[in-house]
Structure formats: C-alpha cells, structure tokens
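Hydrogens, waters and symmetry mates are skipped; everything else that's a heavy atom, side chains included, is used. Owing to the predicted nature of the structure, the values given are computational and were not obtained by experimental measurement.
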Amino acid sequence: MSNPIVPTTTKDDVSIATSPYDESKKSLDVAHLESAPRAHHHTLEEIKELDEAALVLEEAGHVDYSIAEDRRVLRKIDLWVLTPMLIVYFLQQMDKSSVSYASVFNLQAETNLVGTQYAWLTSIVYVAQLVFQPLSSYALVKFPVGKWVLFNVFCWGACVACMGAAKDFGGLLTTRFFLGVFEATVAPSFIAITQMWWRRREQTYRTISWNASNGFASIFGPLIAFGVGHVNNPNILPYQGIFIFLGCLTVALTPVVGYMLPDNPTTARFLKNGNDRVIAIERLRSGNMGTENKTWKWPQFWETMRDVKTWLWALLLFLVACPSGGISAFGGLIVQGFGYDSFTTILFQMPFGGITVLSIAITSWVTNKIKLRFPVIAFMSLFPIAGAVTIRQLPRDNKGGLLAAYYMVSFLGCLQPLLYSWSNLNAAGHTKKVTNTAVLFIAQCVGNIVGPQVYKAEEKPYYYTGIAVDLGCWCALIFAILGTAAYLHYLNKQQEKRRLAAGRPGHVIDTSIMTLEEAEKHRQHQLATGQIELNTNEHAFEDSTDFQNMDFVYVL
C-alpha cells in the first residue's frame with residue numbers, strides 16, 4: 001500500500017498535515033517512509049478484508065491538499081449527501097406522525113377505534129421495524145446504501161397514501177405495518193452514511209442536522225394538517241386527506257433523493273473532478289473508522305454482541321424512545337385535553353417542533369465546543385422531567401401553565417440525536433458499526449412500542465400512568481449516561497496501556513474532534529517538541545474494530 005495522502009502547506013493557506021516527501025523534514029520523512037507499508041497487488045482475500053477506501057488510496061498514490069481544498073470538498077459533500085438526507089428524514093417524520101395529526105381530526109370516531117387500538121397504530125410501526133431490522137442491517141452491508149434508501153422511501157410514501165383508503169382498524173393497522181417495514185432502514189442507513197462521509201467532529205453536526213429534520217417536520221406537519229383539514233370535500237374526510245397528501249408528497253420527492261444521494265465516496269459522481277475523491281476519503285483517516293466494506297464479518301458481529309457499551313447504548317436509547325413514542329402519539333390529545341379545539345390544538349404543536357430544532361442546534365454546538373457529550377445529554381434530561389412534573393401538578397384551568405409545561409417536555413427532542421451522535425463516534429469496523437446501529441435501533445423500536453401502550457384510553461385527558469412512566473425513564477436516563485461515560489473513560493485507559501506496551505506514547509490527543517485549525521496547531525506543537533507519532537492512524541482503512549485498533553480514542 002502506498003503512503004497516505006496528506007495535506008501540505010501552500011503559499012496561500014495553512015496546512016493541516018505534512019507530506020512524508022517534504023524536503024524540509026528529511027529525517028522525519030525517512031522514518032515515515034521506512035515504516036510505511038509497501039505497495040503490492042492484493043489477493044482476493046486481502047481485498048475482502050480491506051475497506052473499499054483503502055484500495056482507492058492505494059491506486060491514487062500521493063496527493064497534497066490544503067485546508068481550503070479540504071473545506072471545498074466538505075461543502076460538496078454537505079450539498080450532495082446531507083441535503084437528500086434532510087429531505088428523507090423530514091418526510092419520514094411527517095409520514096410517521098400523520099396518524100397523530102389525523103387523531104385531532106376525529107380519526108378514532110370516523111374509523112371506530114376503541115380501547116388501545118389507536119395506541120397500536122403507533123406501536124405497530126415499531127413492531128415492523130423491530131422485525132425487519134436484522135434484514136435491513138444485512139442489506140446495508142450487501143446493497144448500495146443510496147439505492148437501498150431510495151427504494152424504501154418510494155415504498156413507504158405509497159403506503160401512507162394508501163392509508164387514505166383505510167376506513168377501519170384492520171386497514172389502518174396493515175398500512176401502518178408496511179410503513180414501518182420500509183422506514184426500518186432509514187436511521188441505520190443514515191448512521192452508516194454519516195460515518196462514511198464525515199470526520200468525527202463533523203459527524204456531530206451532521207447527525208444533529210438530519211435528526212433536526214424531525215423538529216422541522218413537527219413545525220410544517222401540523223401546518224399541512226391544518227390546511228388539509230379545512231378542505232371541504234364530501235368524498236374525502238380530513239383524516240383521509242392528510243394521509244393522501246403526505247404520501248403523495250413523499251413519492252413526488254423520490255426522484256430528487258435518487259438523483260442526489262450517492263452510494264459511497266468511492267463511486268460518488270460529484271467527486272469525479274481532480275483529486276476530490278481521494279481527499280474525501282483521506283480526510284477521514286484521523287477518525288480510525290473507515291468508510292465501507294461489503295464483506296459481512298462474523299468476528300466483528302460477535303465482538304459487538306460481547307461489547308458492554310453496545311448494551312449501554314441500547315439502554316440509553318430505550319429510556320429516550322419510550323417517552324418519545326408516547327408523547328409523539330398522544331401529544332396532540334394531551335394538548336386537546338387542556339381545553340382547546342381541533343384547529344387550535346394542531347397549531348399548538350408547531351412550537352413543539354421549533355423548540356426541538358433550537359435545542360438540537362444549541363446542544364450540538366455546546367458538545368463540540370467542550371468536546372464532551374455526556375454532561376450535555378444529562379443536563380438536557382432535566383427539562384422534560386420538570387415539564388412532566390408540572391403537567392401532573394397544575395390544575396386544568398391553568399391553560400397557559402400547562403402549555404408551557406408541555407413545551408418544556410419538547411426538549412426531549414434533542415436527546416435521541418445527541419445519543420445517536422455519541423454512539424456513532426465510539427465504534428469502528430463496518431460490520432461492527434452496522435450491528436451496533438441495529439442493536440440501538442432495536443432498543444429504540446422496543447421503547448417506541450412500549451411508550452404509547454402506557455397511555456391508557458380510560459385516563460384521557462390526564463394520562464397519569466403514561467406521564468409517570470415517562471418521568472421514570474428520564475430519571476433513569478441520567479444515571480445510565482453517567483455510567484456509560486465512566487465505562488468509556490475506562491476503555492480509554494485500557495487503550496493507553498496497550499500503546500505503552502507497544503513502546504508508543506500512551507496518551508493520544510484525538511484530532512478527529514478538533515477543528516482544522518486546532519488540529520494544525522496540535523500538529524505544529526508535536527513537530528516542535530519532537531513528540532509526533534508517525535504511524536498514528538495507519539490502520540484507519542483496514543476495517544479494524546475499535547477494540548483491534550489501539551489508535552482508536554473513545555469520545556466522552
């Protein structure tokens with residue numbers, strides 16, 4: 001394998017690394033070249049083991065690039081990869097929430113729903129996702145991710161449109177089940193795409209961005225429902241019009257997603273100019289996470305199953321998803337129970353989405369600023385706790401206070417994207433990343449199945465049991481977050497011991513969560529003090545797991 005492609009200094013820009021061929025540092029370069037792996041022709045078995053990106057880098061050889069070029073490629077990635085992700089996640093949330101919008105317009109009465117049948121219209125989506133999650137995870141390894149996402153987006157849009165023809169519980173349940181089947185791949189696919197395209201620091205903002213689409217959907221979804229609800233058509237009831245409009249909107253936007261969303265950095269059309277493709281891949285080296293490998297590796301699968309942090313993430317996601325599932329399904333009915341009519345209730349859902357977007361934006365900035373995730377997530381858990389307690393305690397004639405408390409609960413919207421972002425940063429190896437995501441998503445599905453079921457129809461509009469369960473989850477979440485952070489700290493200490501045993505410096509600064517300027521400043525300091533670690537990140541594209549790669553640093 002040839003030497004890694006590294007950015008160098010130019011007259012007009014500051015560099016973020018130094019080429020091993022730099023004449024000004026011959027002593028450094030010789031050591032690097034002597035320790036670097038030699039180029040050779042790989043056997044079929046070796047190719048299967050390597051990350052696809054490693055083969056592109058080997059073929060490209062040595063390429064210099066600057067910070068300005070790095071940022072130019074990043075802007076292209078954001079435009080062509082992040083934009084369709086935002087569209088898809090926006091559509092998914094609106095389509096999934098369509099039943100909540102319809103509930104405010106007499107869905108239950110028009111379709112003769114009784115007992116827990118309405119709750120099951122939400123839970124069945126996650127039952128389907130739970131059942132089909134293993135197949136979806138396997139498909140992510142075997143199929144091109146862009147085309148796989150496109151297929152599922154079209155199919156679930158058609159399912160939502162078909163819900164407009166459902167007039168009883170059986171029809172609604174069937175279409176909602178297939179909606180869950182096709183939506184099962186979205187979050188796991190997007191986590192894989194995020195890990196495939198962006199540095200670890202950049203992943204936080206991008207994961208937060210596509211999760212923030214949930215908030216925007218919560219703003220525009222009620223507005224669409226408000227408009228469709230006013231359509232006076234004797235042949236189409238308001239709830240039917242909501243399903244038909246949202247489903248057709250998703251189908252109509254499918255070609256846009258298909259045109260923009262690539263499969264991976266090695267084949268993306270928008271990277272065909274110059275060295276853009278090589279830069280897009282090389283810039284990921286510091287994260288030690290690789291991009292993609294189409295070989296399913298059972299050792300990585302079993303390692304994930306034995307990894308304690310896999311189950312810690314699963315617990316965290318369950319504790320967030322259970323309250324989220326309940327509030328998502330019954331939020332409109334809770335507000336309606338404060339004494340508002342259907343149209344006022346649906347409009348009062350819009351600030352809920354706005355607060356979600358705002359809280360996501362602020363917390364993502366704070367986590368990258370302090371370079372810690374766990375204290376921010378634990379702190380944000382306090383807001384829904386306070387809101388839920390207030391809803392239980394305030395009298396029903398205090399509409400303003402109850403509505404304010406409901407909006408405090410809306411801060412729960414930032415918890416799930418923060419957890420996804422945190423977990424994304426702490427696994428490596430393609431099969432391990434996909435499996436880890438699958439376990440997390442299964443836990444999320446279980447939480448979303450349970451969440452609506454604890455809201456009992458006979459307790460309407462107070463829903464004492466549901467709110468009490470939500471409170472318990474948020475309190476337990478804080479303790480689980482602290483435990484997870486302690487375990488990640490322990491793993492970093494173990495990595496330091498491994499490096500020391502290999503005769504290398506134990507403490508390593510994780511430059512993948514720094515800005516480019518911070519990373520360059522750190523590199524210059526290493527050069528000036530003679531502390532630079534030449535072979536750090538040399539295993540980044542070998543599809544190694546975080547346990548196998550001693551250079552991997554866990555993010556707290």
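- Contact between G466 and E459 at its shortest, heavy atoms only, is N-OE1, 4.4 Å.
- Here K399 pairs with Y340 under the side chain to side chain contact (heavy atoms under 4.5 Å, CB included) rule; sequence neighbours left out.
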Could you walk me through whether K96 and Y126 satisfy the side chain to side chain contact (heavy atoms under 4.5 Å, CB included) test, starting with their C-alpha distance in whole Å, then the side-chain angles of each, then the deciding distance to 0.1 Å, before giving a yes or no? CA-CA 10 Å; K96 190 162 51 181; Y126 296 99; 3.2 Å; yes
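- Looking at residues two or more places apart in sequence or on another chain, you find a side-chain hydrogen bond (donor to acceptor under 3.5 Å, both in side chains) between D307 and K309, K432.
- With sequence neighbours excluded, the residues forming a side-chain hydrogen bond (donor to acceptor under 3.5 Å, both in side chains) with D470 are Y455, listed by chain and number.
- Of the inter-residue distances, the one linking F220 atom CZ with M94 atom CE reads 9.5 Å to the nearest 0.5 angstrom.
- Side-chain atoms of Q203 never come within 3.5 Å of backbone atoms of S421 as a donor-acceptor pair (strictly under, hydrogens ignored).
- Evaluation of the side chain to side chain contact (heavy atoms under 4.5 Å, CB included) rule for A225 yields Y101, F105, I242, I346 as partners, not counting sequence neighbours.
- Checking side-chain atoms of R498 against main-chain N and O of Q548 turns up a donor-acceptor pair under 3.5 Å.
- Across all non-hydrogen atoms, the minimal contact from A485 to W422 is N-CH2, 4.1 Å.
- Side-chain contact check for S97 and Q93: at least one donor-acceptor pair (N or O, by modelled atom type) lies under 3.5 Å.
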Mind listing the side-chain donor-acceptor pairs of residues 348-357 below 3.5 Å, one per line with the distance, residues two or more places apart or on another chain?
residue, atom, partner, partner atom, Å
Q349, OE1, Y406, OH, 2.8
T356, OG1, F352, O, 2.9
T356, OG1, S410, O, 3.4

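- A salt bridge is defined here as a Lys NZ or Arg NE, NH1 or NH2 lying under 4.0 Å from an Asp or Glu carboxylate O, and E202 with R283 meets this definition.
- Just one of N368, N426, T363 meets the side-chain contact (heavy atoms from CB on, under 4.5 Å) condition when paired with R373; it is N368.
- Every side-chain hydrogen bond (donor to acceptor under 3.5 Å, both in side chains) that T344 has, sequence neighbours left out, goes to D341.
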Just list the side-chain donor-acceptor pairs under 3.5 Å for residues 476-483, sequence neighbours left out, or say none.
none

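- Salt bridge absent: K433 and D546 never bring a charged side-chain N and a carboxylate O closer than 4.0 Å.
- Ring geometry, F301 versus W298: the interplanar angle exceeds 60°, so the pair is classed perpendicular (tilted spans 30 to 60°).
- When the ring-ring contact (aromatic ring centres under 6.0 Å, His included) test is applied to W474, no partner is found at least two apart in sequence or on another chain.
- Side-chain contact between W311 and M305 is present, with heavy atoms from C-beta onward closer than 4.5 Å.
- For F411 and Y407, the ring centers sit 6.0 Å or farther from each other.
- For S100 against Y118, the heavy-atom pair with the smallest separation is CA-OH, 3.6 Å.
- Inspection of the S136 and T185 side chains reveals an N or O donor paired with an N or O acceptor under 3.5 Å.
- Checked by atom type and distance alone, the side chain of Q300 pairs as donor or acceptor with a backbone atom of T431 at under 3.5 Å.
- Applying the side-chain hydrogen bond (donor to acceptor under 3.5 Å, both in side chains) rule to W156 yields the partners D95; only residues at least two apart in sequence or on another chain are considered.
- For L440 against A314, the heavy-atom pair with the smallest separation is CD1-N, 4.3 Å.
- Under the 30°/60° scheme for interplanar angles, the aromatic rings of Y464 and Y462 are found to lie parallel.
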Evaluate E303 against T545 for side chain to side chain donor-acceptor pair (under 3.5 Å), listing each step before the verdict. CA-CA 9 Å; E303 179 182 309; T545 68; 2.8 Å; yes
Derivation and outcome, side chain to side chain contact (heavy atoms under 4.5 Å, CB included), residues N492 and L556: CA-CA 10 Å; N492 276 334; L556 273 64; 3.7 Å; yes
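- Here CE of M550 is found 13.0 Å from CD of E496. Values are rounded to the nearest 0.5 Å.
- Within the 4.5 Å cutoff, the side chain of V127 has no heavy atoms near those of the C445 side chain.
- Residues I360 and A212 approach most closely at CD1-CA, 3.7 Å, considering heavy atoms.
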Would F441 and Q129 count as a side chain to side chain contact (heavy atoms under 4.5 Å, CB included) here? Give the steps. CA-CA 9 Å; F441 196 63; Q129 292 184 2; 3.1 Å; yes
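- The minimum heavy-atom distance between L419 and I377, with the atom names listed, is CD2-CD1, 3.9 Å.
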With a 3.5 Å cut-off and sequence neighbours excluded, list the donor-acceptor pairs that the side chains of residues 76-90 form with protein atoms.
residue, atom, partner, partner atom, Å
K76, NZ, F270, O, 3.0
K76, NZ, D276, OD2, 2.8
D78, OD1, W198, NE1, 3.0
D78, OD1, R206, NE, 3.1
D78, OD1, R206, NH2, 3.3
D78, OD2, R206, NH2, 2.7
T83, OG1, L79, O, 2.8

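- Once rounded to the nearest 0.5 Å, the distance linking SG of C473 with CG of L316 reads 12.0 Å.
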Under 3.5 Å, sequence neighbours excluded: what are the donor-acceptor pairs made by side chains of residues 317-337?
none

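- A side chain to side chain donor-acceptor pair (under 3.5 Å) check over residues 439-448, counting only residues at least two apart or in different chains, returns the pairs Y420-Q444.
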